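Throughout, residue positions are numbered sequentially from 1 according to the sequence presented. Because only heavy atoms are used, hydrogens play no part in the values below, and waters and symmetry mates are left out as well, while side chains stay in. Note that the structure is predicted; figures quoted are calculated from it, not measured.
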Amino acid sequence: MLKRTRIFDLELINDNSFDAVLNSMLHFHEEFPQSENKLPLLFTPNVDDVVKLNQKKYADVAKRLQQSYYILPDGQPIIWASKILNKTLVKRLPGSELFPLLWKLLTQHNKRILLVAPSEKVGQMLKQEYPTLEYYVPPFFEAEDTVALQKITSDLLMLCNTFKPEYIFIGIRFPKQNYIAFELLDNLQKQGYSKSEMPLCLLLGASYEFYLDIKKRAPAIWQKTGMEWFYRFTQEPGRLFKRYFIDDMQFVSIFMKEYFKKNPSKCF
């Protein structure tokens, strides 16, 4: 059984390596609980995700992501916060490190994989590594465009019904990848797919581009010190300034709320 620790309303997997997670994912369709109110989803929240999931506009997204069967702690500040809250998460388990390990494992076992790719380049490069891969590149759409989302879902449903993927990797930014996964799983259920037949949807953002060296990860020393986010900021300061230095500052108040919930006597 995977060990989980609840923090920020998320049941985070708490382990010092990916070994148990990888074994669980390889046998996912045998292990996935039929009776529990869980979704066949994986996501790896960082600080920005925690902040967004505490906003009213993403309340529905938060509710569904909280039902994910696999939730892996990605952001180092989440690990630091867990220690202060005496809910210690032993290790950061980022999606960018999970994907290469999982990709190798699933391809070795000839699993049926469908990729919702951010670009044709990503799809082609991964298909060169694993020719039986099926991939789909959705057209650009706004997160609020329900008509475009329905068209994308319809395309993916056709692929699912013909290809029968066991795993669906989705690599688009929040919240678009979430909406695609939710719509797809809802429609598969309406079509009569049982829980044991449902594909596992993995929301891994830019992990594929890091793996293919299209995007650069921070050097190891930045990762170990929890400063990977700052390295990313130096690569795209214009796009990331507001995210890291304004929006994500809300994490402090979210942490304080969690702290006083656990320690009400210390609340002034």
- Is there a donor-acceptor pair closer than 3.5 Å between any side-chain N or O of K127 and the backbone N or O of L133? yes
- Query: Going only through I, L, V, M, F, W and Y residues with side-chain contacts under 4.5 Å, is there a path from L114 to V137?
  - Reply: no
- Would you say the side chain of L72 lies within less than 4.5 Å of the side chain of L98, judging by non-hydrogen atoms? yes
- Item | D247 bridged to K242 by N-O distance under 4.0 Å | yes
- Item | side chain to side chain contact (heavy atoms under 4.5 Å, CB included) assessment of F99 paired with F169 | CA-CA 10 Å; F99 175 69; F169 290 100; 3.9 Å; yes
- Message: Quick check on K63: does its NZ atom have over 12 non-hydrogen neighbours (other residues, nucleotides or ligands) under 6.0 Å away?
- Response: no
- Query: Salt-bridged, K151 to D155, with N to O below 4.0 Å?
  - Reply: yes
- Message: I'd like to know if the side chain of T153 and the backbone of L149 have a donor-acceptor N/O pair within less than 3.5 Å.
- Response: yes
- Query: Has R4 got more than 12 heavy atoms of other residues, nucleotides or ligands less than 6.0 Å from its CZ?
  - Reply: yes
- Query: Is there a side-chain contact between L102 and F18, using heavy atoms and a 4.5 Å cut-off?
  - Reply: no
- Is the backbone of I71 close enough, under 3.5 Å, to the side chain of S68 for a donor and an acceptor to pair up by distance? no
- Message: Any donor-acceptor pair under 3.5 Å linking the side-chain atoms of Y193 with those of N161?
- Response: yes
- Can you find a side-chain donor-acceptor pair between Y70 and E11 that sits under 3.5 Å? no
- Message: Quick check: closest heavy atoms across P175 and A143, and the distance to 0.1 Å?
- Response: CG-CB, 4.0 Å
- salt_bridge(K91, D15) N-O dist < 4.0 Å: no
- Query: Within the distance-only criterion (no hydrogens, no angle test), does the side chain of T88 pair as donor or acceptor with the backbone N or O of V90 below 3.5 angstrom?
  - Reply: no
- Task: Group every Ile, Leu, Val, Met, Phe, Trp and Tyr by side-chain heavy-atom contacts under 4.5 Å, then state whether I254 and L10 land in the same group.
- Result: yes
- Task: Evaluate whether atom CD of Q189 has more than 12 neighbouring non-hydrogen atoms of other residues, nucleotides or ligands under 6.0 angstrom away.
- Result: no
- Message: Tell me the closest heavy-atom pair linking I152 and P139, and the distance in Å.
- Response: CG1-CD, 4.1 Å
- Message: side chain to side chain contact (heavy atoms under 4.5 Å, CB included), that's the test. Do L105 and K111 meet it? Break it down for me.
- Response: CA-CA 9 Å; L105 182 67; K111 296 295 185 180; over 6 Å; no
- List the steps, then state whether side chain to side chain contact (heavy atoms under 4.5 Å, CB included) holds for S96 with Y211. CA-CA 7 Å; S96 51; Y211 170 73; over 6 Å; no
- Hey, is the main chain of R6 close enough, under 3.5 Å, to the side chain of K87 for a donor-acceptor pair? yes
- Message: What I'd like to find out is whether the side chain of F141 reaches to under 4.5 Å of the side chain of I180, using heavy atoms alone.
- Response: yes
- Message: Can you confirm whether the side chains of Q250 and N54 place a donor and an acceptor under 3.5 Å from each other?
- Response: no
- Drop me the distance from F174's CZ to F43's CZ, to the nearest 0.5 angstrom. 8.5 Å
- At their closest point, which heavy atom of I13 faces which heavy atom of L89, and how far apart are they? O-CD2, 4.5 Å
- Message: For the backbone of E183 and the side chain of N187, can you confirm whether one donor and one acceptor N or O come within less than 3.5 Å of each other?
- Response: yes
- pair L202-I170: side-chain heavy atoms closer than 4.5 Å: no
- Query: Would a 4.5 Å heavy-atom cut-off, applied to side chains only, mark P73 and T44 as touching?
  - Reply: no
- Item | Y130 vs K104, side chain to side chain contact (heavy atoms under 4.5 Å, CB included): CA-CA, chis, key distance, verdict | CA-CA 10 Å; Y130 189 52; K104 181 180 179 181; over 6 Å; no
- Task: Indicate if W80 and M249 have the same hydrophobic cluster label, given that clusters are the connected sets of ILVMFWY residues with side-chain heavy-atom separations under 4.5 angstrom.
- Result: no
- Message: Using modelled atom types and a 3.5 Å cut-off, is there a donor and acceptor pairing between side-chain atoms of T107 and backbone atoms of W103?
- Response: yes
- Message: Test salt bridge (charged side-chain N to carboxylate O under 4.0 Å, His left out) on K190 and D186; report intermediate values, then the result.
- Response: CA-CA 6 Å; K190 287 175 185 175; D186 286 348; over 6 Å; no
- Query: Once you round to the nearest 0.5 Å, how far does CG of D248 lie from CG of D49?
  - Reply: 9.0 Å
- Aromatic ring proximity, centroids under 6.0 angstrom, Y167 and F28: no
- Message: Go through it in stages, so that I can follow the logic: the residues are D48 and K52, the test is salt bridge (charged side-chain N to carboxylate O under 4.0 Å, His left out), and I'd like the CA-CA distance, side-chain angles, deciding distance and then a yes or no.
- Response: CA-CA 6 Å; D48 191 61; K52 284 186 170 70; 2.5 Å; yes
- Nearest 0.5 Å, what's the CD-CZ distance between E97 and R92? 6.5 Å
- Report yes if the side chains of P165 and E134 come closer than 4.5 Å at any heavy-atom pair, otherwise no. no
- Message: Same cluster or not: Y208 versus V116, using hydrophobic residues (I, L, V, M, F, W, Y) connected whenever any side-chain heavy atoms lie under 4.5 Å apart?
- Response: no
- If you take all heavy atoms of S196 and H29, which pair is closest and at what distance? O-CD2, 3.4 Å
- Item | Pairwise distance CG(L22) to CG(L106) - rounded to 0.5 angstrom | 8.5 Å
- Message: Before we go on, tell me: are the rings of F260 and F255 under 6.0 Å apart, centre to centre?
- Response: no
- Task: Output the distance between atom CE (M125) and atom OG (S119), rounded to the nearest 0.5 Å.
- Result: 9.0 Å
- Task: Check the side chains of N46 and Q76 for a donor-acceptor pair under 3.5 angstrom, ignoring hydrogens and angles.
- Result: no
- Task: Provide the closest heavy-atom pair for Q191 versus L157 in the form atom of the first, atom of the second, distance.
- Result: NE2-CD2, 3.9 Å
- Side chain proximity check, L159 to Y136, heavy atoms < 4.5 angstrom: yes
- Message: In this structure, would L115 and I172 fall into the same cluster of hydrophobic residues linked by side-chain contacts under 4.5 Å?
- Response: no
- Message: I'd like to check E166 versus P199 (side-chain heavy atoms, cut-off strictly below 4.5 Å). Are they in contact?
- Response: no
